[in-house]
Amino acid sequence: ARALSHDNTPDLEEDPLQSCQHRTVEILPSGKQTPFGTGDRSPAEIRSVTVIAAIPGWRRRVSVSLLVMAGCISYIDRAALSIGNTAIMSSMHMSYTGMGWLLSVFAWAYLVSQIPAGLLADRLGGRMLLGAGLCLWSCAQIGFGLMQGVAGLFICRILLGLGESPLFLVGPRVRVR
């Protein structure tokens, strides 16, 4: 586990059973660690540190890899419509103005949902919101391919913006916790 003292100097502690939680301990001059606040010692005799358990290396690498893949897929999803817009315009009998609205409705939904997504991340937790966002985003992208009308395309693009909005808000937070 990694510990940071109050003067931000790293201390190492060998505790393989340590869970990913924070706890404060006192380190005596002899090097012995006791729970913070126990005993009658003067502040000169002790120094208190907050112990932050490290996430195992393989788990950290897997979570970062999954977040990077989700970010790459997010950018592909955003750009996919701009690549296929002429084919969609001809098959749906859309004007250039209609396609412009279809391209921009994603950005508007993404913009509007940023603050609520941040508030929900604080309330529900990052993992829950990220999972729900990924499910919504996946269903919206699948639905976009199955739509037969222009109104359905607009709804799917709005849902795509709502589903993608938590990714870059809570991705770093999930990585840290």
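None of the values given here were measured: they were computed from a predicted structure.
- Contact record, Ser74 with Leu167: CB-CD2, 3.9 Å, taken as the closest heavy-atom pair.
- Interatomic distance, Leu81 CG to Leu160 CG, rounded to the nearest 0.5 Å: 9.5 Å.
- The side chain to side chain contact (heavy atoms under 4.5 Å, CB included) check on Leu119 picks up Ile115, with sequence neighbours excluded.
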N/O donor-acceptor pairs under 3.5 Å from side chains in residues 136-153, not counting sequence neighbours:
{"from": "Trp137", "atom 1": "NE1", "to": "Asp77", "atom 2": "OD2", "distance (Å)": "2.4"}
{"from": "Trp137", "atom 1": "NE1", "to": "Glu164", "atom 2": "OE2", "distance (Å)": "3.4"}
{"from": "Ser138", "atom 1": "OG", "to": "Leu134", "atom 2": "O", "distance (Å)": "2.8"}
{"from": "Gln141", "atom 1": "NE2", "to": "Asp77", "atom 2": "OD1", "distance (Å)": "3.2"}

Can I get a per-line list of side-chain donor-acceptor pairs under 3.5 Å for residues 90-107, giving both atom names and the distance, sequence neighbours left out?
{"from": "Ser90", "atom 1": "OG", "to": "Thr86", "atom 2": "O", "distance (Å)": "3.4"}
{"from": "Ser90", "atom 1": "OG", "to": "Ala87", "atom 2": "O", "distance (Å)": "2.9"}
{"from": "Ser91", "atom 1": "OG", "to": "Ala87", "atom 2": "O", "distance (Å)": "3.3"}
{"from": "Ser91", "atom 1": "OG", "to": "Ile88", "atom 2": "O", "distance (Å)": "3.3"}
{"from": "Ser95", "atom 1": "OG", "to": "Thr97", "atom 2": "N", "distance (Å)": "3.4"}
{"from": "Ser95", "atom 1": "OG", "to": "Gly98", "atom 2": "N", "distance (Å)": "3.1"}
{"from": "Ser104", "atom 1": "OG", "to": "Gly100", "atom 2": "O", "distance (Å)": "3.1"}
{"from": "Ser104", "atom 1": "OG", "to": "Trp101", "atom 2": "O", "distance (Å)": "3.2"}

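- Tyr110 is connected to Leu120 through a chain of hydrophobic side-chain contacts under 4.5 Å among Ile, Leu, Val, Met, Phe, Trp and Tyr, so both are in one cluster.
- Using a 4.5 Å heavy-atom threshold, the side chains of Leu162 and Val112 count as separate.
- Ala109 approaches Ile158 most closely through the heavy-atom pair CB-O, 3.5 Å.
- Every pair passing side chain to side chain donor-acceptor pair (under 3.5 Å) that includes a residue from residues 117-126 is listed here, sequence neighbours excluded: Asp122-Arg173.
- Residue Ile83 is found outside any hydrophobic cluster, as its side-chain heavy atoms come under 4.5 Å of no other Ile, Leu, Val, Met, Phe, Trp or Tyr.
- Seen from the ring of Phe154, Arg157 does not count as a face-on cation partner, given the 6.0 Å and 45° thresholds.
- For residues 103-114, there are no salt bridge (Lys or Arg N to Asp or Glu O under 4.0 Å) pairs, not counting sequence neighbours.
- Transitive grouping of hydrophobic side chains (ILVMFWY, heavy atoms separated by less than 4.5 Å) brings Phe168 and Met128 into a common cluster.
- Taking every heavy atom of both residues into account, Gly133 and Pro166 meet most closely at CA-CG, 4.4 Å.
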